[in-house]
Amino acid sequence: MKVMISDFKEIMQKDNAVEIKLLKKNHPDWIVVTQPYDLKEQSAFFKELKDTDALITAFLPINKKILDAAPKLKLISVSAVGYEKIDLQLAQKKGVRVCAIGEYCTQDVAEFTISLMLVLVKRLKQYDKLVSEEHRWEYDAFMAQPRLSRMTLGIFGYGRIGAAVAKMASALGMQVIAYSGHMGTGTIKDGVKFVTADELLTKADIVSNHMGATSENYHFFNIDIFKKMAQKKPYFINVSRGETVDETGLLMAIDSGMIRGAALDVLESETPDLVNNPLLQRNNIIISPHTAFYSQDSMASLQRISCQNVTSFFEGQSEKVFNFVD
């Protein structure tokens, strides 16, 4: 029995000792290997994959090439909530089960969203540069900051994370409106008013994206959507999926003043070009390396659940596997 833990070389954990210990706790004879997926040199990855029974990954594109190279593969345990990068139909055809983690970082992502909102609105990046690089001690170097309690937060996507963000924002005294395909326009829930997408875009001072990556949501935030924000010139936050934002359109919106600034925890690529990316080195854009989920508590849950799914499956206790998605 062989388990491989793998992800893109650039984002894979440096130490998988916790996962290895969990997997081998009741199965010391299991072979557990960690193998980064290197876009430039993939021979080592495919060599390990050929006799792998279970694959633990978060972001690898599980396509025909990978599935064809893994004739023994029986389970893909996704160490994340999203599983849009897996060809579920082909995996099912090849008899490979797929499971993901339904919940492990809601609180963490919500807290991170609020943190980004505060950094944007209070211009902390600009003030830090003013003092540390320009050596200027001027509180009024920029326009005075608005009070959060006088601002409206608009949330796209009202799942667990969107609801948690709304609760935190309400505690700060903000008015919260939301758009969700699952809630009727005019509905009020937990103090949040659900509105049309167009109404949100014209009323929100801050737009926060929490929509999943689906074919319908691909590049949802494009130049046409940003144009609809121009009336309010809001701040834009994305802690969901990078594919939901057209980065070219976002850049045009920033440069033309349609939006005041942006905070992005995700980009379109999980292996972005950080040398030539035009979104970098801008005072009104904050970029973090897909880290909103990352906390001591969330990592403990992530590691435990993804490994327990593998153990339960191969012990013949499929009923204990959390969230089969195939």
Side-chain angles (χ1 to χ4, degrees), residues 59 81-82 84-85 109-110 112-117 119-121 151-166 169 174 176-183 185 192 194-273 277-280 282-293:
F59 301 109
V81 174
E84 66 276 358
K85 296 184 182 298
V109 177
F112 201 85
T113 302
I114 298 297
S115 299
L116 292 176
M117 182 178 70
V119 170
L120 279 175
V121 174
M151 302 181 77
T152 297
L153 172 64
I155 296 175
F156 272 90
Y158 201 79
R160 284 186 293 266
I161 294 174
V165 171
M174 300 183 73
V176 182
I177 57 178
Y179 169 76
S180 171
H182 304 293
M183 299 293 289
T185 302
V192 177
F194 289 83
V195 299
T196 64
D198 284 349
E199 185 177 352
L200 189 153
L201 293 169
T202 57
K203 288 187 175 180
D205 298 295
I206 302 166
V207 175
S208 189
N209 175 35
H210 300 281
M211 298 191 303
T214 64
S215 56
E216 295 81 8
N217 292 340
Y218 178 76
H219 280 189
F220 177 90
F221 291 96
N222 53 36
I223 190 59
D224 293 329
I225 290 293
F226 288 121
K227 284 179 180 177
K228 294 180 180 180
M229 299 183 192
Q231 179 180 330
K232 267 282 192 175
K233 296 180 174 58
Y235 294 99
F236 177 72
I237 298 173
N238 185 23
V239 295
S240 181
R241 288 291 184 261
E243 301 96 317
T244 60
V245 179
D246 176 5
E247 292 177 5
T248 300
L250 173 63
L251 193 62
M252 291 173 61
I254 289 281
D255 288 342
S256 62
M258 296 177 193
I259 59 178
R260 299 178 191 274
L264 312 170
D265 185 52
V266 286
L267 296 176
E268 288 197 61
S269 171
E270 281 295 336
T271 55
D273 180 354
N277 195 318
L279 292 170
L280 298 177
R282 291 170 179 261
N283 282 337
N284 59 346
I285 299 180
I286 299 165
I287 299 177
S288 51
H290 202 158
T291 192
F293 76 96

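Position 1 is the first residue of the sequence, and the numbers go up from there. Basis for what follows: all heavy atoms, side chains included, without hydrogens, waters or symmetry-related copies.
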Side chain to side chain donor-acceptor pair (under 3.5 Å) involving [X] - partner list, sequence neighbours excluded:
X: Asn284; answer: none
X: Thr271; answer: Ser269
X: Asp224; answer: none
X: Thr196; answer: none

ring-ring contact (aromatic ring centres under 6.0 Å, His included) pairs touching residues 241-264, sequence neighbours excluded, are none
Is there a side-chain contact (heavy atoms from CB on, under 4.5 Å) between Phe156 and Thr244 once you walk through the steps?
CA-CA 11 Å; Phe156 272 90; Thr244 60; over 6 Å; no
Tabulate below the donor-acceptor pairs under 3.5 Å that side-chain atoms of residues 245-252 make, not counting sequence neighbours, or state none.
unit_1	atom_1	unit_2	atom_2	d
Asp246	OD1	Thr248	N	3.1
Glu247	OE2	Glu268	N	2.6

Residues His210, Thr113; criterion side-chain contact (heavy atoms from CB on, under 4.5 Å); working and verdict:
CA-CA 10 Å; His210 300 281; Thr113 302; 3.5 Å; yes
Of the non-hydrogen atoms in [X] and [Y], which two are nearest, and what is the gap between them?
X: Lys85; Y: Phe59; result: CD-O, 3.1 Å
X: Ala263; Y: Leu116; result: CB-CB, 3.8 Å
X: Thr202; Y: Glu199; result: OG1-O, 3.1 Å

If the condition is ring-ring contact (aromatic ring centres under 6.0 Å, His included), which residues does [X] pass it with, not counting sequence neighbours?
X: Phe226; answer: Phe236
X: Tyr235; answer: none
X: Tyr158; answer: Phe194

Can you find a pair of side-chain heavy atoms, one from Leu120 and one from Ile206, that are under 4.5 Å apart?
no
With heavy-atom distances below 4.5 Å as the criterion, would you say the side chains of Leu279 and Leu267 are in contact?
yes
For Thr214, all residues meeting side-chain contact (heavy atoms from CB on, under 4.5 Å), sequence neighbours excluded:
Glu216, Asn217
With side-chain contact (heavy atoms from CB on, under 4.5 Å) as the test, would you mind laying out the steps for Met174 and Met117 before giving the verdict?
CA-CA 12 Å; Met174 300 183 73; Met117 182 178 70; 3.6 Å; yes
Under a 3.5 Å distance rule, please check whether Lys233 uses its side chain to pair with a backbone N or O of Ala230 as donor and acceptor.
yes
Can you check whether Ala292's main-chain N or O pairs, donor with acceptor, with Asp265's side chain at less than 3.5 Å?
yes
Please identify each residue that fulfils salt bridge (charged side-chain N to carboxylate O under 4.0 Å, His left out) with Lys228, with sequence neighbours left out.
Asp198
Salt bridge (charged side-chain N to carboxylate O under 4.0 Å, His left out) partners for Arg260, two or more places apart:
none
Answer yes or no: is there an ion pair linking Glu84 with Arg241, defined by an N-O contact shorter than 4.0 Å?
yes
